[in-house]
Participant: 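Okay, handing you the structure first.
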Number of protein chains: 4
Amino acid sequence: MDKKAKIVQASIEVFKEKGIEKTKIADIAQKAGIAHGTFYLYFPSKLSVMPAIAEQIVLQFMNKIEATVSIEDPLQKQLNQLVDAIFQVTEEFRDVSVLIYAGLSTTAHMSQWETIYTPLYDLVASLLETNKNRQLVRETIDPAHTAKLVIGLIESAAEQVYLYAAYNVQNEANQKAELLTFLEHALRP
Amino acid sequence: MDKKAKIVQASIEVFKEKGIEKTKIADIAQKAGIAHGTFYLYFPSKLSVMPAIAEQIVLQFMNKIEATVSIEDPLQKQLNQLVDAIFQVTEEFRDVSVLIYAGLSTTAHMSQWETIYTPLYDLVASLLETNKNRQLVRETIDPAHTAKLVIGLIESAAEQVYLYAAYNVQNEANQKAELLTFLEHALRP
Amino acid sequence: MDKKAKIVQASIEVFKEKGIEKTKIADIAQKAGIAHGTFYLYFPSKLSVMPAIAEQIVLQFMNKIEATVSIEDPLQKQLNQLVDAIFQVTEEFRDVSVLIYAGLSTTAHMSQWETIYTPLYDLVASLLETNKNRQLVRETIDPAHTAKLVIGLIESAAEQVYLYAAYNVQNEANQKAELLTFLEHALRP
Amino acid sequence: MDKKAKIVQASIEVFKEKGIEKTKIADIAQKAGIAHGTFYLYFPSKLSVMPAIAEQIVLQFMNKIEATVSIEDPLQKQLNQLVDAIFQVTEEFRDVSVLIYAGLSTTAHMSQWETIYTPLYDLVASLLETNKNRQLVRETIDPAHTAKLVIGLIESAAEQVYLYAAYNVQNEANQKAELLTFLEHALRP
DNA sequence: AATGAATGAGAATTCATTCAT
DNA sequence: CATGAATGAATTCTCATTCAT
């Protein structure tokens, strides 16, 4: 792992532990096993690491989706797998994912958000497109826009389960079931 | 307006202007027309104002929804008004709303999120319930869970339009239209 | 107990608990059961309470000495009782007595020290005087100066035992025994 | 001189000038010719410099004693020189020495006191031991305990002269004379 | 490229003190 | 006399950033 990757990894860990506000460059450097000054050779500031972290998370989303969602399956199963993928990654990165919003929002990095999410949007849009061609989803959808709605919907549902409320197995199951029905009705022809 | 409310109001304004990171307690105090020290009589830190701000925003959501959404209207119109309400408030608070995530996430305030949103969830759940009784939405929905999904969906769509991408009128219109269709299909019987 | 006495008492307790540096006027006021502002009706500052506290301690010394030292006893017994008296009070006020030095020294109250100790010096000087007249102590002593030496010697010995070292029963006994022999040799004819 | 020593030296000077209470970290840093922040690389707080200062003073005591007290001299002369040494150093550090009590007492540094004084106690104990072997002091003394008594006695006498009362040449001479006679009687065979 | 001691601007926070009630 | 909310001057302390090695 090169130093840049080490820094990104260390940042994720320290942000998880302490939160962004309380994290010092020194903490990141120490966790990464480098000197303070070295940090600046790779990133100009604490928050500038955020986009790299966000990319990591989006990459995780994509890997998981590509690994589990099969275009050959019936719509319901695909949606099930898509939801599972996003729920799993959100759970894994529960501590950082919200920080990402913070990190990107408190600076001028806001615009990078769209760029970072684009590959994920594209991936889901293409899934929708294919399903649309196979007439598994209604003809009236616009894959690009609907992809964003679908991802936003699933992410927010996952965040409600894993971040904003005390975790509860039953609640997770109910929320997921309701979400799936909701999605199916929204998309099916 | 008592001093606590004044501080909350001033915080919203200053956060909008400068962002959280750049905001000094001194700025808030000045805007609120009080001395630095007085701030600490009401809040222990900058971030501890966040939950109060979040409550304000949720209150705005509720006021707007109650003012515009009429249970007497057909579903499509109700959804249209609900979406408009949430889009409008999100736009108005575009600069603070994401910062709220930051503020609530960096501290131990996470759990307050659910509490703060509860009245809004309840309001929308009750709307769904009534429509369900009138058979305007499908019988299979669970109003409580679906309310969360609906709010999460609309909020995330609004954030995508107003926060994460360069604002674009056409895009806003398309996203809204697609969102409405999506919602109608998801909810209708 | 009037309010002034209450404040002095409260100050002693708070200084014991927190030390001078960390004690706020607010702490003293709270412990005394009065409002912040009321403190200022009786004392102009935190440190100005010090002389009153010092007077308290000196009063304790005098009471104990007067209660236990009998001029009728042989010198050895008198010294024994004098040492015990000073050791006891020093132990009781172990936490404040050093703070007194601090409190009196950090301000312009230094000169009050002599005044506060004068009655104690006088008391011991008069003891020495009487013993000198009875030829129990050597004729060459000057009661006034020797009183100061005696008190300084016993106090410093007591402080070494109770304040500056980990307390140890055996050590206390040895130090006292050595001190008594030392004093006897220094004073006897 | 390394930076730590520079800070200790600067602290002594500034404390002498202004007293502890009125001394700002900034003052010490400036006198030491370093930046504010650098201070914190060496000491966590203003008071934590105290033990290092106390060590300095004890070192001065020892240097002065070793330079002036000759074991070859008769007891009276040795005591004279010992008293002079301690009086001189106490006078020189009159403004800091009492502050040291304050500094060490307000914190958890109390126990360090014994450690810091140990070399001085040992030095005087060894002087007593030698004199005892030469039968210049009475056989019944315990050098270790008596060393503490002797130092405590001389120090307190010096403090009475230089710190707690208005300085007065005649008084100083009388006190010293009385002290010497007192010591001789206490120690001689 | 890497280091980490030194810097010092800048902010948070405290708390003695006031004064209208 | 007593109160305690409000004040804001004053200081501590932090930590991003630099730069000589």
Side-chain angles (χ1 to χ4, degrees), chain A residues 2-4 6-7 14 18 20-30 32-49, chain B residues 2-4 6-7 18 20-30 32-48, chain C residues 2-4 6-7 14 18 20-30 32-49, chain D residues 2-4 6-7 18 20-30 32-48:
Chain A
D2 71 343
K3 269 189 189 145
K4 192 158 188 171
K6 260 190 200 161
I7 291 174
V14 181
K18 312 192 147 193
I20 293 178
E21 198 97 346
K22 298 228 169 142
T23 294
K24 303 170 234 170
I25 301 278
D27 297 328
I28 298 175
Q30 189 179 30
I34 57 169
H36 301 175
T38 309
F39 178 93
Y40 291 92
L41 297 176
Y42 296 91
F43 292 96
S45 76
K46 185 168 75 176
L47 294 175
S48 64
V49 189
Chain B
D2 71 344
K3 258 174 204 161
K4 193 159 189 172
K6 259 190 204 162
I7 291 174
K18 312 193 148 192
I20 292 179
E21 201 96 343
K22 296 251 170 108
T23 294
K24 292 172 261 174
I25 301 280
D27 298 329
I28 297 174
Q30 188 177 33
I34 57 169
H36 301 176
T38 307
F39 177 92
Y40 291 93
L41 295 178
Y42 295 91
F43 294 95
S45 74
K46 197 166 66 177
L47 292 177
S48 63
Chain C
D2 71 343
K3 266 183 193 154
K4 192 158 189 171
K6 258 190 201 162
I7 292 173
V14 182
K18 311 192 146 194
I20 293 178
E21 197 97 344
K22 299 230 168 138
T23 294
K24 303 170 233 169
I25 300 278
D27 298 329
I28 298 174
Q30 190 180 31
I34 57 169
H36 301 176
T38 308
F39 178 93
Y40 291 92
L41 299 176
Y42 297 91
F43 293 96
S45 75
K46 185 169 73 176
L47 293 175
S48 64
V49 190
Chain D
D2 71 342
K3 259 175 202 158
K4 193 159 188 172
K6 260 190 202 162
I7 292 174
K18 312 192 148 193
I20 293 181
E21 202 97 341
K22 296 251 169 107
T23 294
K24 292 172 260 174
I25 301 279
D27 299 328
I28 298 174
Q30 189 177 31
I34 57 169
H36 302 175
T38 307
F39 177 93
Y40 291 93
L41 295 179
Y42 295 91
F43 294 96
S45 75
K46 196 167 66 178
L47 292 177
S48 63

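Residue numbers start from 1 in every chain, and the chains themselves are labelled A, B, ... in the order their sequence lines are given, proteins ahead of strands.
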Participant: For D:Tyr42, report the nucleic acid contact type (base, sugar-phosphate, nothing); a contact means any heavy atom under 4.0 Å.
Facilitator: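 Sugar-phosphate, backbone atoms only, no base.
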
Participant: Could you pull out every donor-acceptor pair under 3.5 Å between side chains of residues 37-44 of chain D and any protein atom, sequence neighbours left out?
Facilitator:
none

Participant: Paired stems touching DNA chain E, three or more consecutive Watson-Crick or G-U pairs with both distances under 3.5 Å?
Facilitator: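 Listed by first number, the stems are E:2-21 with F:2-21.
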
Participant: Can you name the residues that form a side chain to side chain donor-acceptor pair (under 3.5 Å) with D:Lys18, not counting sequence neighbours?
Facilitator: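 Here the qualifying residues are D:Asp27.
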
Participant: Measure CD1/C:Ile34 against P/F:dT3 and give the value in whole Å, please.
Facilitator: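 It works out to 7 Å between those atoms.
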
Participant: 5' to 3' on DNA chain E, which nucleotides open and close the contacts with chain D (atom under 4.0 Å from a heavy atom)?
Facilitator: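 It runs E:dA6 to E:dG8.
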
Participant: Which atom pair, heavy atoms only, marks the closest approach of A:Thr23 to A:Ile28?
Facilitator: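 Scanning both residues, the minimum pair turns out to be CG2-CG1, 3.8 Å.
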
Participant: Could you list all N or O pairs between the protein and nucleotides 11-14 of chain F that sit under 3.5 Å apart?
Facilitator:
unit_1	atom_1	unit_2	atom_2	d
F:dT12	OP2	D:Ile25	N	3.4
F:dC13	OP2	D:Tyr40	OH	3.1

Participant: If you find the nucleotide of DNA chain F closest to B:Lys3 and the one closest to C:Lys3, which residue's nucleotide is nearer the 5' end?
Facilitator: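 Taking each residue's closest nucleotide, the earlier one in sequence belongs to C:Lys3.
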
Participant: Search all heavy atoms of D:Lys6 against all heavy atoms of D:Ala32 and return the closest pair with its distance.
Facilitator: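 Heavy atoms of D:Lys6 and D:Ala32 come nearest at CD-O, 3.7 Å.
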
Participant: Would you compute the distance between atom CD1 of B:Ile25 and atom NZ of B:Lys46 and round it to the nearest 0.5 angstrom?
Facilitator: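 Result: 6.5 Å between the selected atoms.
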
